[in-house]
Amino acid sequence: MKLHNTLTKKIDDFLPLKAQQARLYSCGPTVYDHIHIGNLSSFIVADTLRRVLAASGFEPRHVMNFTDVDDKTIARSRERYPDVPPMEALRRLTAEYSRIFLDDMRAVGNDVAAITFVKATDNIEAMRQLITKLHADGFAYVTDDGVYFSIEAYRRSGKTYGQLTEITAQSTSEARIQNDEYDKASVHDFALWKAWRAGEPAWEFELAGKNLKGRPGWHVECSVMSSGQLGQPFDIHTGGIDLIFPHHENEIAQSTAGQTDPLYAKYFVHNEHLLVDGKKMSKSLGNFYTLKDVQAKGFDPLAFRLLVLQAHYRSQAHFSWENLAAAQNRLNDLRALAALRWQPREVAHDSGTEALRDIPQQLTDILANDLDTPEALAFLSRVATQLLAVHIEKDMVDHFEAMLQGIDELLGLELMKVGDITAAQKELIAGREAARARQDWAESDRLRDKLAKQGVGLRDHPHGVIWFPQS
RNA sequence: GGCGCGGUGGCCGAGGAGUUAGGCAGCGGUCUGCAAAACCGCUUACACGGGUGCGAAUCCCGUCCGUGCCUCCA
């Protein structure tokens, strides 16, 4: 298995730290609103990575967090529930959007059962402990508005701040320097803990004899939850490229300050952004979509998954309705392939069952090359074209189903969910065949139209009619 | 200003020095009761200018254009 590692800026062989384990941490959603399809694309990549690791013989352990306390969740919860205590308002809001998030995840084929989810608010004690330790070791300082991490102290200890991306004086924008309104010693220093402000939820915290009631900073949440669940160092950390700086740099700094082992995570895998109309999604540009919008236009969420997988994760994919329609057509084609398992040919014809059995392995090999999903789909399309031309015979069904199962495990396309048609629909098909036999074309076409309305398309072949799901 | 990534046929999108990517759409044809599918053919792709190669879409330099990070944004 090869993966592009932001730490080395190269495609590296994946060599796990412990035996065959693949410990994977993905920065999860901030649960204050519906996530957008760009967020979702990131999670589709992480899900696919876990699938490919598993197929490549590793034992993945995949952890994802819910950021359920931060500026946005707090602001939104106060708007939505102005009359309940802040902590309860926060809990209600984040519970609601966590649930919606999981629904979206499942809809696009991400296997949430394979992920261990952790909530920031369930890990406050561990955060307090880490901050206390950082403070005791001289890497954190207390100010009026919270506790900050000192990058200067980190650098003095001999470690590098900026392992993922170069950080220099010139690379710091004027805007950042000018907007440096907080009580920090240096521009890059970041909050580990934020002091309480009226109306906000808060947790008790005593540090160096001072009462520091407040809440954790964003970066410390991920540091604590990743190592708490996976140990440190762990194998792979994933996220969108926008998280490289400052989020992941800060995680590395916090987690390795004062540690003898300078490694936080061995591999950092970052996915590029999904562009809409050639631009990054943003509310102000009006190119901001959620999965609800995709569904409202009649598209299958799995068509969106296919759209994401059609592009390599390190390139900017383009979302457009036209592009999504193409992906939907491709999905329909794959479903037509899957439907063959309910209608095998009686006639034996000598097509190799061995070939079918090898397909998941061939897909795995392609995907193990830095998650080459576009090539994998191209391969799959060639397979589909070939099989749809010859169909499958009765004694190949087991192998065929094993192949579909393997494809689903790798790509999450849920082809095994393509069910059989009803007995009534089978009768309609038989009735049409009878009508055709007596050359009653009007009746034949009527039955075909009726089936089409029920989502069943037909193709007449020399060796018989086959049906396929039609959306 | 600093650090990246990219510009491929009507659209989308891989690949990446000589060999058909793939998807979507269009046109012509074969087949078919009709359709769908399939198959065959066509629409002669790699931003521009230089350079290095026997050979460049693929490497190098430059230009233009797009895009991202440098703001708690996946």
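Remember, it's a predicted structure, so these values are computed and weren't measured experimentally. Chain identifiers are assigned alphabetically (A, B, ...) following the order of the sequence lines, protein sequences preceding nucleic acid strands; residue numbering begins at 1 within each chain.
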**Q** In whole Å, measure the gap between the P atoms of B:G66 and B:G23 for me.
**A**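 The same atom, P, in both gives a distance of 32 Å.
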**Q** Under 3.5 Å for both pairing distances: what stems, at least three Watson-Crick or G-U pairs long, include RNA chain B?
**A**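 Listed by first number, the stems are B:1-7 with B:64-70, B:10-12 with B:22-24, B:26-30 with B:38-42, B:47-51 with B:59-63.
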**Q** At less than 4.0 Å, is any side-chain N or O atom of A:S315 found next to OP1 or OP2 of B:A14? Yes or no.
**A**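 Yes, within the criterion.
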**Q** What contact category does A:A326 fall into here, base, sugar-phosphate, or nothing, at under 4.0 angstrom with non-hydrogen atoms?
**A**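 It contacts sugar-phosphate atoms only.
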**Q** Are any non-hydrogen side-chain atoms of A:R76 and A:T30 less than 4.5 angstrom apart?
**A**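 No; the side chains remain at least 4.5 Å from each other.
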**Q** When all nucleic acid strands are considered with a 4.0 Å heavy-atom cut-off, which category describes A:D372: base, sugar-phosphate, or nothing?
**A**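 Nothing: the residue A:D372, judged by heavy atoms under 4.0 Å, touches no strand.
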**Q** Report yes or no: is there a donor-acceptor pair, N or O only, under 3.5 Å between the side chain of A:H312 and the base of B:A14?
**A**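 It does not, because no donor-acceptor pair links the side chain of A:H312 to the base of B:A14 below 3.5 Å.
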**Q** When all nucleic acid strands are considered with a 4.0 Å heavy-atom cut-off, which category describes A:S444: base, sugar-phosphate, or nothing?
**A**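 Since a base atom lies under 4.0 Å of A:S444, the category is base.
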**Q** What I want to check is whether an N or O donor and acceptor connect the side chain of A:R314 with the base of B:C5 at under 3.5 Å.
**A**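 Under the 3.5 Å cut-off, the side chain and the base do not form any donor-acceptor pair.
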**Q** Just N and O in the side chain of A:N39: are any of them under 4.0 Å from OP1 or OP2 of B:A74?
**A**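 Indeed, a polar side-chain atom of A:N39 lies that close.
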**Q** Determine which pairs satisfy salt bridge (Lys or Arg N to Asp or Glu O under 4.0 Å) with at least one residue from residues 301-317 of chain A, sequence neighbours left out, and list them in order.
**A**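 Sorted pair list: A:D47-A:R305, A:R314-A:D370.
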**Q** For the pair A:K266 and A:D235, find out whether any cationic side-chain nitrogen is under 4.0 Å from an anionic carboxylate oxygen.
**A**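 Not counted as a salt bridge, because no side-chain N and carboxylate O are separated by less than 4.0 Å.
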**Q** So what does A:L243 hit on the nucleic acid, given a heavy-atom distance under 4.0 Å: a base, only sugar-phosphate, or nothing?
**A**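 Result for A:L243 = sugar-phosphate.
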**Q** Checking contacts here: which listed nucleotide (B:G68, B:G22, B:A74) is nearest the side-chain heavy atoms of A:N271?
**A**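 Nearest to the side chain of A:N271 among the choices is B:A74.
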**Q** Step through it carefully: locate the ring centre of A:F66, locate the ring centre of A:F117, and say whether they are under 6.0 Å apart.
**A**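 Centroid distance A:F66-A:F117: below 6.0 Å, so yes.
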**Q** Could you tell me whether A:H273 contacts a base, only the sugar-phosphate backbone, or nothing, with contacts defined as non-hydrogen atoms closer than 4.0 Å?
**A**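 Base: the residue A:H273, judged by heavy atoms under 4.0 Å, touches a nucleobase.
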**Q** By the 4.0 Å heavy-atom rule, please label A:Q310 as base, sugar-phosphate, or nothing.
**A**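 Touches sugar-phosphate only.
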**Q** Would A:D71 and A:R215 pass as an ion pair if we require N to O under 4.0 Å?
**A**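 A salt bridge is present here (some side-chain N lies under 4.0 Å from a carboxylate O).
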**Q** Taking only the side-chain nitrogens and oxygens of A:K9, find out if one of them lies under 4.0 Å from OP1 or OP2 of B:G4.
**A**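 For B:G4, OP1/OP2 do not have a side-chain N/O of A:K9 under 4.0 Å.
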**Q** When all nucleic acid strands are considered with a 4.0 Å heavy-atom cut-off, which category describes A:D242: base, sugar-phosphate, or nothing?
**A**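 Base, at least one base heavy atom under 4.0 Å.
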**Q** With sequence neighbours left out, write down each residue that passes side chain to side chain donor-acceptor pair (under 3.5 Å) with A:S98, or none if nothing qualifies.
**A**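 For A:S98 there are no side chain to side chain donor-acceptor pair (under 3.5 Å) partners, ignoring immediate neighbours.
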**Q** Would you mind reporting whether A:W467 and A:D420 have side-chain heavy atoms less than 4.5 Å apart?
**A**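 Side-chain contact under 4.5 Å: yes.
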**Q** Syn or anti for B:G53? Use the chi torsion, O4'-C1'-N9-C4 for purines and O4'-C1'-N1-C2 for pyrimidines, with syn inside 90° of 0.
**A**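 Here the answer is syn: the torsion falls within 90° of 0.
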